[in-house]
Amino acid sequence: MTAAPSGLAVTSDLFRRALAVHASGVVVITAQHAGRPAGLTATSFSSVSLDPPLVSFYVDRSSTTWPSLRAADHFAVNVLAHDQAEVAARFASRGVDRFAEPTRWRPGPLGAPLLQDVSAHLVCLPYETAEVGDHILVVGLVVEADLRGPGRPLLYHQGRFGRFLAHPES
């Protein structure tokens, strides 16, 4: 594919506002590199393939956390529960120790930090990366999955974290 002809693409401000009306799930991607935990919040997480089991997320090229995640031999996807907006905000913040109290975590079986009280953990091996626009697409091969409960997900919509409310059954 090639870039759109000049003048045909929408402005970044209009694009951002249009995407804000789409709710997305919230995950925290964590890894361990050189003995130090690293992690970031992602709202661009999705499944890619069932066979093999692949998932993906995007990370901004300017992320200061990406170099540590990229250098790790595996990473974990922590699917946040509806009551973990503070965790999401913490891992989206700059200049804080994201793994200090009140963050609750433990090392996973391969070493990646696993956040506590999440809905699920997916442990992944790096599968593929690609530069796409101003972001990097990261695809991971899921080698372990741990469902923590059927709880409600944390959502991101209109620049805010929120909760899912099921439509009443008819």
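The analysis underlying the following values was restricted to heavy atoms, covering all of them including side chains, and did not include hydrogens, waters or symmetry mates.
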[X], [Y]: one ILVMFWY side-chain cluster at the under-4.5 Å cut-off?
| X | Y | value |
| --- | --- | --- |
| Val79 | Val138 | yes |
| Leu19 | Tyr156 | no |
| Leu110 | Val142 | no |
| Ile136 | Tyr127 | no |
| Val139 | Val123 | yes |

Side-chain contact, heavy-atom cut-off 4.5 Å: [X] with [Y]?
| X | Y | value |
| --- | --- | --- |
| Leu155 | Val26 | no |
| Glu144 | Pro109 | yes |
| Asp146 | Arg148 | yes |
| Trp105 | Val28 | no |
| Gln84 | Asp117 | yes |
| Phe57 | Val27 | no |
| Leu80 | Pro153 | no |
| Asn78 | Thr30 | yes |

Measuring from [X]:[atom1] to [Y]:[atom2], what's the distance to the nearest 0.5 Å?
| X | Y | atom1 | atom2 | result |
| --- | --- | --- | --- | --- |
| Ser56 | Leu137 | OG | CG | 5.5 Å |
| His33 | Leu69 | NE2 | CG | 10.0 Å |
| Glu86 | Thr103 | CD | OG1 | 10.0 Å |
| His22 | Thr43 | NE2 | OG1 | 9.0 Å |
| Trp66 | Leu40 | CH2 | CG | 9.0 Å |
| Leu141 | His74 | CG | NE2 | 13.0 Å |

Smallest separation among heavy atoms of [X] and [Y], with atom names:
| X | Y | answer |
| --- | --- | --- |
| Val87 | Thr41 | O-OG1, 4.4 Å |
| Leu154 | Ala81 | CB-O, 3.3 Å |
| Phe75 | Gly140 | CZ-CA, 3.7 Å |
| Ala120 | Leu147 | CB-CD2, 3.9 Å |
| Ala23 | His157 | N-CD2, 3.8 Å |
| Cys124 | Val77 | SG-CG2, 4.2 Å |

Within the supplied structure, the quantity of interest is the number of heavy atoms (other residues, nucleotides, ligands) at a distance under 6.0 Å from [X] [atom1]; does it exceed 12?
| X | atom1 | result |
| --- | --- | --- |
| Leu50 | CG | no |
| Gln116 | CD | yes |
| Arg160 | CZ | no |

If only atom types and distance count, is the side chain of [X] paired as donor or acceptor with the main-chain N or O of [Y] below 3.5 Å?
| X | Y | value |
| --- | --- | --- |
| Ser93 | Ala89 | yes |
| Ser49 | Asp51 | yes |
| His121 | Gly108 | no |
| Arg106 | Pro113 | no |

CA sep, side-chain torsions, deciding dist, call: Arg61, His135, side-chain contact (heavy atoms from CB on, under 4.5 Å): CA-CA 5 Å; Arg61 284 190 197 196; His135 278 65; 5.7 Å; no
Residue pair Ser62 / Asp60, side-chain donor-acceptor N/O under 3.5 Å: yes
Distance-only polar pair, side chains of Arg98 and Thr65, donor-acceptor under 3.5 Å: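 On atom types as modelled, these side chains qualify, holding a pair under 3.5 Å.
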